[in-house]
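Ligands are counted one by one from 1 in listed order, and the atoms in each one are counted from 1 as well. Just so it is clear, the values below take in all heavy atoms, side chains as well, and ignore hydrogens, waters and symmetry mates. Here the structure is a predicted model, which means the values were calculated and not measured.
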Amino acid sequence: MGTKVDLVIVGGGIVGLAHAYMALRKGLKVLLFEREHTPVGASIRNFGLIWPIGQEPGPDLDRALRSRRHWKDVASSAGFWLNENGSLHLAYHSDELAVLSEFFDANKNTLECSMLSPEEVHDLSPAVKKEGLIGGLWSRTECTVYSRHAIPRLMTWLEEVHGLTVYRGTTVTEVAPPLVKAGGKKWFAEKVLICSGADFETLFPEIYLKENAVKCKLQMMKASSPSLNIGPSLCAGLTLRHYKAFSSCPSLPLLNQRFDREEPRFSIHGIHVLLSQNAEGELIIGDSHEYGQTFLPFDSDEIDQLILDYLKKFTVFSDLRIVERWNGVYPKATGKTACVVKPEENVTIVNCLGGAGMTLSFGLAEEVIHKL
Ligand SMILES: Cc1cc2nc3c(=O)[nH]c(=O)nc-3n(C[C@H](O)[C@H](O)[C@H](O)COP(=O)(O)OP(=O)(O)OC[C@H]3O[C@@H](n4cnc5c(N)ncnc54)[C@H](O)[C@@H]3O)c2cc1C
């Protein structure tokens, strides 16, 4: 049992750490509990993409752009790799080019992006397949971190430099401020923030039912370094179906219908394909989306194959050596990009950032801590 702190944070993924960072900057005394001995949740299983271009213009895009600024500050102070490499959305079909052009026309004043010819695309990325390419959308805004390095480093940097106290391997089992029970002991805090990711079951499970929250399982792969720098992170037509940012483009229904005709399994398994490159030059490849409350631990080779086959359609890599396969689970609430809920006085749950937790967390944390 320790002295009373200002804030207890449950969970050491990006959501918990971003809130710890914002609270410590305000001079609060913060204690963070992480159930595992090192973070192993969604925050270290992702592409490491800070991806404002996927966010709908408005408050979400604004939050993403603010997050990006914090990522840059934190990466340079904590000393982890962050690549300001931007993104390229590639078009191999007229409906893909139409969606990209519509998006560009609607957003050219808010985003730093431009439409590129096939030659200009190739100048930016030697990894892009030239055959059949009809254009692309280049955006400067996106960044890449290697999340399995960045997240643990962020945690230790907050401890060493900002005075965060972290209890690893310690599960919080009861929250009733000022009382917090963790690892079989009692602690006292003014306020508690619960950032427990895909664990709906331990603390305030009724809130997740009320929020219609579901979990999503994604399959991912890593390929050994192809000794070629891909330049910007890459994606193609399938990704235009995935992010809200493109949802109001008039040509999107046509693109959707064509993909459903050509390969219905993309829709069935929620597949779209992103390619990022980490600090070691290795390629991070994914992903699929399966929704539910509990997932069997088995990954599907058919899904991996669909992802790799689609990757071949827009990159020059014909024989990648896959060195790792894994899955990750994130929570999502219907119709929202995040849940910020107060189940009782002095307790706030911040969760359900879906597939954009790396992109949104710092910006959201800034807002939440300000209100706290
Ligand atoms: C495969 C995959 C790819 C993705 N790619 C991207 C991407 O490129 N860009 C992007 O913006 N987003 C991406 N996302 C989404 C992003 O990773 C998530 O939104 C984000 O990591 C969620 O962070 P979190 O802190 O809520 O969850 P987590 O990282 O899962 O952290 C929650 C932590 O809480 C701990 N915990 C839970 N309950 C307790 C308890 N009772 N006591 C103590 N500790 C507890 C857990 O052990 C865990 O470490 C991706 C997600 C996945 C799965």
Within-cut-off N or O pair, V172 and ligand 1, under 3.5 Å: yes

With a 4.5 Å limit on heavy-atom distance, are the side chains of L234 and F314 in contact? yes

Is there at least one pair of N or O atoms, one from G355 and one from ligand 1, spaced under 3.5 Å apart? yes

Is there a polar contact between ligand 1 and Y330, counting only N or O atoms under 3.5 Å apart? no

Judged by non-hydrogen atoms, does T170 sit under 4.0 Å from ligand 1? yes

Using 0.5 Å steps for rounding, measure from the CZ atom of F317 to the CG atom of L275. 6.5 Å

If you have a sec, work out which protein heavy atom is nearest atom 22 (C) of ligand 1 and how many Å separate them, to one decimal? S43 OG, 4.0 Å

Among S147, G357, G54, C195, closest by heavy atom to atom 16 (C) of ligand 1 is G357

Contact check, side chains of Q293 and K215, non-hydrogen atoms, under 4.5 Å: yes

Parallel, tilted or perpendicular: which describes the rings of F362 and Y21, with under 30° parallel and over 60° perpendicular? perpendicular

Which residue from E34, Q55, R35 reaches closest to atom 48 (C) of ligand 1 through any of its heavy atoms? E34

Under a 4.5 Å cut-off applied to non-hydrogen side-chain atoms, are S233 and F47 in contact? no

Just distances here: any N/O of V40 and N/O of ligand 1 closer than 3.5 Å? no

Salt bridge (charged side-chain N to carboxylate O under 4.0 Å, His left out) between K29 and E190: does it pass, once the steps are laid out? CA-CA 10 Å; K29 191 167 165 45; E190 287 288 338; over 6 Å; no

Heavy atom to atom 25 (O) of ligand 1, shortest distance: which of V15, T38, V329 holds it? V15

Electrostatic pair K26:D6 at N-O distance under 4.0 angstrom: no

